[in-house]
Every structure is written in C-alpha cells, then in structure tokens.
2 protein chains.
Amino acid sequence: MVRAGLTTERLVRAGAELADEVGFEQVTVSAVARRFDVKVASLYSHLKNSQDLKTRIALLALEELADRASEALAGRSGKDALGAFANVYRDYALAHPGRYTAARHPLDTETATAGAGVRIAQLTRAILRGYDLAEPDQTHAVRLLGSVFHGYVSLEAAGGFSHSAPDSRESWARILDGLDSLLRNWPAHP
Amino acid sequence: MVRAGLTTERLVRAGAELADEVGFEQVTVSAVARRFDVKVASLYSHLKNSQDLKTRIALLALEELADRASEALAGRSGKDALGAFANVYRDYALAHPGRYTAARHPLDTETATAGAGVRIAQLTRAILRGYDLAEPDQTHAVRLLGSVFHGYVSLEAAGGFSHSAPDSRESWARILDGLDSLLRNWPAHP
DNA sequence: CCCACTTGCCTAATACCTTTAGGAAGCTGC
DNA sequence: GCAGCTTCCTAAAGGTATTAGGCAAGTGGG
C-alpha cells in the first residue's frame, strides 16, 4: 500500500483548485478524494467533515485575498490606495472564481473573527486614512466600500454586466472615480 | 389513494417558504416532498429536476422583489425614490433571507433575460431619471446602485455588521445620503 | 353509465455523497 | 526488530437525485 501523503493542507489546497475549476458548490469530499486517487473515508482523518473542508477553503481564500491586498496597499494612499485595493478584489475574483465564492461563504462568528476577514476590514479602514472622515462616518464608509467591492464583483461574476455596453472595466473605473469623489466630499449629517 | 394536489406553482411556493426557514442551500426536492407528505419521485412530474426547482424559486423571488420595488417607486423621484427602492431591497432580504439568496442564484442568460431581473434593472434606471446623468454614466450609476444594494444587503445578511457599532440602519441611511450626494455630483470624466 | 384515456402519485432501482467503525499495512524510535 | 502511532482501507448505513414502469383517480365521449 503506497501512501498518498495526505495532509489537511494539501486537501484544502486541492479543494480550492477544484472550486476554481468546477465551482465552489461542486466541491465535495468525494471529488477531492478522487483527485488524490484515494478512498473517501481516508479524508476523514484530516477533515472533520464536508463543512470543515468548505470552511477551510474559505479561510484560505480570505488569507490569500488579505495578503494580496496588504501588498498592494503598501506605500499607497488616497485614491491610489482605493484603486489598488479594489483591483486586487476584482482580479482575485476573476482569476479565482471558486475561491472568491468560498471567501463569501458564511462563517460562524468565532471562525470569522479568527480568520483573515478582520485583516481585510482593517485594510479597508486603512484606505480611509487618506480621506478626512471621523467616526462614525468612517465606519459607514468602510461598510460602503465593502458593499461596493463585494457587490460589484459578485454581480460581475454572475454575468450581470457581461452582455451589455459599456465594458465592465469602464464602469469599474468610473465607479472608483465616483467613490473617491464621494469620500472626499462626504455629506455632513443633515 | 388521496391526491395531494401538487402543482409546479405550489411546489415552488413551498420551496420558497422552506428557503426562508432553513436557507436556500438546504432546499431540496426531498424536503419539499416531505412537506407535502408525498414520495420524492412524485415531484418529478412537476419539476424537471433539482436545479429546475431552484431556478423557479429564484424567478419567484425576483418577481416579488420587482413587484414591491415597482409599487414603492410609484409617485416618487430623486432621493425619495432612491430611499424607497433601497428599503424594499433591504426589507425583502431581511424578511425573506432564503428567497433573497435565491434571487442571487446564477441563472443562464435566457432564463435571466426572460425573468423579472430585467424589470429590476429598468426600475433602477428609472430612479436615475431624477438625477442629471447622461449615458454612459447612467449605466455606470445603475451598476453602482446594484452593487451597493446587493453588496450591503448580502454582507448584512451574512452577519457582517451585526455585532459592531454603529447600528446597521444608521450606516444604511448615511450610505443612501452618500449615494444621493454622489449622483447629484457625479464626477466628469477626467 | 361506463369505458377509455389522461394524469397523479406510487414502488422499485440505480447512483452518488456523507459519515462512522473497525482493521491492516507503513513508518518511527527505541 | 518490534511497539505504537499514523495512514489508508473495507464495510455499512443513511440521505439525495433521478428514471422507469405501474396502478388508481379523475374526465369526457358514446
């Protein structure tokens, strides 16, 4: 009996690749086992269950996203930072649709607060240092940015903008212009 | 043998209720059959397959959403319309989380263009009539609004804003202020 | 009224996926 | 070179999806 050398790490990584290839919903313990040419039950020494696999893929994706965002943001500020961060999001979602879907997978509170999601939130807040926003407006703005990035990228991934003019990239650029403008002129509370 | 009186309509409606109760992902042909106290195979006279069921639930949700939005928008314009539309979205998502998830379910192009999704897009565009935006900026703005509404509501539904100050409603209100401001002062192309 | 026909729901069967229990073969260190 | 842990396996039970074929409940024409 030749051992396949399974580890949780390798299984999760394979699951992430599978997600990008066939969609996150289609990622199954069985499919990962097939990929390693191993019986399904063998994976249960490394994974608690199917949900565990999906959660770990989600955490991997969040970490990759946070790493890229962190690197892109280094040395940038203001609109430059805004655009860099936004493009990391968009590029990641387009290059790794399955992982991106995984990153949006609902996590229970403890898992979420322990994962890289909070790093992403911190980075979003860092972008706003280039704009003059005091609390609580800063938090409102963080939520706005998160919504726009996530919303746009999801709709784009779902094909929402693919069959109509103008080009999605053009809209993306103009939306970033708009956000920059809004952040510089955030309306005072009435 | 007493007949249960199954119809595609009733099955889809039951599926939608089930989605709101246990989540759209948990909606299964078997679960719907149980709800009617009927054998699973019986549903296949009314539904093509599991995917068909989910697609029909998605279309139902889109239609309900479009109906509500249409009603809310009647007689309103400008920021008033923007707020009314946004609140329909948010309220629907909070009241019917499963249906809302269903509404975001990816549809193939033909199904999507035949469904109520296009009505929603048209309504979004109608809101912008209250602002002075020419094409292609109008389309960019439609995409921005769609992204913000969808993004915010998804993040909120996933619990993103639930355990932190300020209150989510407050952010929502201030984000709508921000969007209104941005639409009134849409930056000219550099 | 009843016979034929259509329709609605059923049984049966196949094929996956998930998960647990328990066993055997490989590796590691003494 | 063997004790013990680890890795992977076989076996089994239970759930979901889907198809094929059957019987009984409604329906319409003679």
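Numbers restart at 1 for each chain; the letters A, B, ... are given by sequence-line order, proteins then strands.
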Side chain of [X], backbone of [Y]: donor and acceptor closer than 3.5 Å?
| X | Y | value |
| --- | --- | --- |
| A/Arg184 | A/Tyr131 | no |
| B/Ser42 | B/Val38 | no |
| B/Ser181 | B/Asp177 | no |
| A/Thr111 | A/Leu107 | no |
| A/Asp20 | A/Gly98 | yes |
| A/Glu63 | A/Asp67 | no |
| A/Ser171 | A/Ser168 | no |
| A/Arg174 | B/Ala141 | no |

To the nearest angstrom, how far is [X] atom [atom1] from [N] atom [atom2]?
| X | N | atom1 | atom2 | answer |
| --- | --- | --- | --- | --- |
| A/Leu6 | D/dC9 | CG | C1' | 12 Å |
| A/Tyr44 | C/dC17 | OH | P | 11 Å |
| B/Leu43 | C/dC10 | CG | C1' | 12 Å |
| A/Asn49 | C/dT19 | CG | C1' | 9 Å |
| B/Lys39 | D/dC23 | NZ | P | 18 Å |
| A/Arg10 | D/dT7 | CZ | P | 13 Å |
| B/Leu47 | C/dC9 | CG | P | 12 Å |

Practice task
Answer with yes or no after comparing the ring centroid distance for B/Phe85 and B/Phe149 against a 6.0 Å cut-off, counting only values under it.
Solution key: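 When the ring centroids of B/Phe85 and B/Phe149 are compared, they turn out to be within the sub-6.0 Å range.
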
Exercise for the section: Please list residues of residues 50-59 of chain A whose heavy atoms come under 4.0 Å from any atom in DNA chain C, ordered by number; otherwise none. Expected result: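 Those residues are A/Ser50.
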
Exercise for the section: Using heavy atoms and a sub-4.0 Å distance, could you list which residues of residues 15-37 of chain B are near DNA chain C? By number, please. Expected result: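 Nothing qualifies; none.
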
Problem - Side-chain ion pair, A/Asp80 and A/Arg76, N-O less than 4.0 Å - result: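 Salt bridge between A/Asp80 and A/Arg76, a charged N being under 4.0 Å from a carboxylate O: yes.
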
Exercise for the section: Would you tell me if any nitrogen or oxygen in the side chain of B/Ser45 comes within less than 4.0 Å of OP1 or OP2 on C/dG8? Expected result: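 For C/dG8, OP1/OP2 do not have a side-chain N/O of B/Ser45 under 4.0 Å.
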
Practice task
Could you tell me whether the phosphate oxygens of D/dC8, OP1 or OP2, come under 4.0 Å of any side-chain nitrogen or oxygen in A/His46?
Solution key: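 For D/dC8, OP1 or OP2 has a side-chain N or O of A/His46 closer than 4.0 Å.
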
Exercise for the section: Could you state whether A/Tyr100 and A/Phe24 fall into the same hydrophobic cluster, counting links through intermediate Ile, Leu, Val, Met, Phe, Trp or Tyr residues with side-chain heavy atoms under 4.5 angstrom apart? Expected result: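 No; tracing contacts between hydrophobic side chains, which count when under 4.5 Å, never links both residues.
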
Practice task
Check every strand shown and say whether A/Val40 touches a base, only sugar-phosphate, or nothing at a heavy-atom separation below 4.0 Å.
Solution key: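 Base, at least one base atom sits under 4.0 Å.
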
Exercise for the section: Starting from Watson-Crick (N1-N3 plus N6-O4 or O6-N4) and G-U wobble pairs under 3.5 Å, report the runs of at least three that DNA chain C belongs to. Expected result: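 Consecutive-pair runs (3 or more) involving DNA chain C: C:1-30 with D:1-30.
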
